[in-house]
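Here the structure comes first, spelled out in structure tokens, and everything after it is commentary.
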Amino acid sequence: MKSKVETTINEQIRREEFSSRLYLSMAIWCECNGFPGAAAFLYRQSDEERMHQLKLVHYLNDRGGKAVLMSLEQPEGSYTSLLDVFQKVMHHEEYITASINDLYGVTLDEKDYTTGNFLQWYITEQIEEESTMRTILDKIRLVGNDKAGMFHIDKELDAMTAAAAPIPAV
Ligand code: OFO
């Protein structure tokens, strides 16, 4: 594997690991601030990100590269509201989408079409995740400061998490 592709995948491994920690941090905040459904959703999202990280680790090692773990910054631990949490989730997912697009661009520049093909899974995943997060964010915005509405959204997040397919082993 070309070293430019290997380096860029390793940077993405770091981003996915950070995503997992960020959502774990958000889940903790939700759990401690009366949003058990949002907490369950974000704990699961944290596990998903760990799976995204591992999928890249295995791909890199299987293709003759070597996954390298890097140091991570401390994720934000305090939020002002559930709206604040999901605005930051949305912002982070947009950042991840841009980074995956950049990574895909590197594979094209380096003519590594096999890796480009592998990355299609992440491109599709980002479309789904952004759409899910946008829907949640729209609902939170709609209820505003209405406590009953917020309670209902939290229950909905709980039900969504309970109904979600198990995270596949990679
Ligand atoms: Fe949507 O975060 Fe991983 O790829």
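Along the sequence shown, residues carry numbers from 1. One-based numbering, in listed order, for ligands and for the atoms of each. Please read all numbers here as calculations on a predicted model, not as lab measurements.
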Q.
Under a plain distance cut-off of 3.5 Å, with no hydrogens placed, do Thr115 and Tyr59 share a side-chain donor-acceptor pair?
A. yes
Q) Which residues and atoms, counting only protein N, O or S, are under 2.8 Å from atom 1 (Fe) of ligand 1? A) Glu93 OE1, Gln126 OE1, Glu129 OE1
With a cut-off of 3.5 Å and sequence neighbours excluded, list every side-chain donor-acceptor pair involving residues 81-88.
{"unit_1": "Ser81", "atom_1": "OG", "unit_2": "Leu83", "atom_2": "N", "d": "3.4"}
{"unit_1": "Ser81", "atom_1": "OG", "unit_2": "Asp84", "atom_2": "N", "d": "3.0"}
{"unit_1": "Asp84", "atom_1": "OD1", "unit_2": "Lys88", "atom_2": "NZ", "d": "3.0"}
{"unit_1": "Asp84", "atom_1": "OD2", "unit_2": "Thr80", "atom_2": "N", "d": "2.9"}
{"unit_1": "Asp84", "atom_1": "OD2", "unit_2": "Thr80", "atom_2": "OG1", "d": "3.3"}
{"unit_1": "Asp84", "atom_1": "OD2", "unit_2": "Lys88", "atom_2": "NZ", "d": "3.4"}
{"unit_1": "Lys88", "atom_1": "NZ", "unit_2": "Glu76", "atom_2": "OE2", "d": "3.0"}

Q.
Out of all atoms in ligand 1, which are within 4.0 Å of some heavy atom of Glu16? Include the element for each.
A. 2 (O), 3 (Fe), 4 (O)
Q. If you link I, L, V, M, F, W and Y whenever their side-chain heavy atoms are under 4.5 Å apart, who else ends up in the same group as Ile28?
A. Leu24, Tyr43
Q: For Tyr23, enumerate each residue passing the ring pair (Phe, Tyr, Trp, His ring centres under 6.0 Å) test, keeping only those at least two apart in sequence or located in another chain.
A: His92
Q.
Using only atom types and a distance under 3.5 Å, with no angle test, would you say the side chain of Thr124 pairs donor to acceptor with the backbone of Gln120?
A. yes
Q. Do Phe118 and Ile123 share a hydrophobic cluster (ILVMFWY, side-chain heavy atoms under 4.5 Å, transitive)?
A. yes
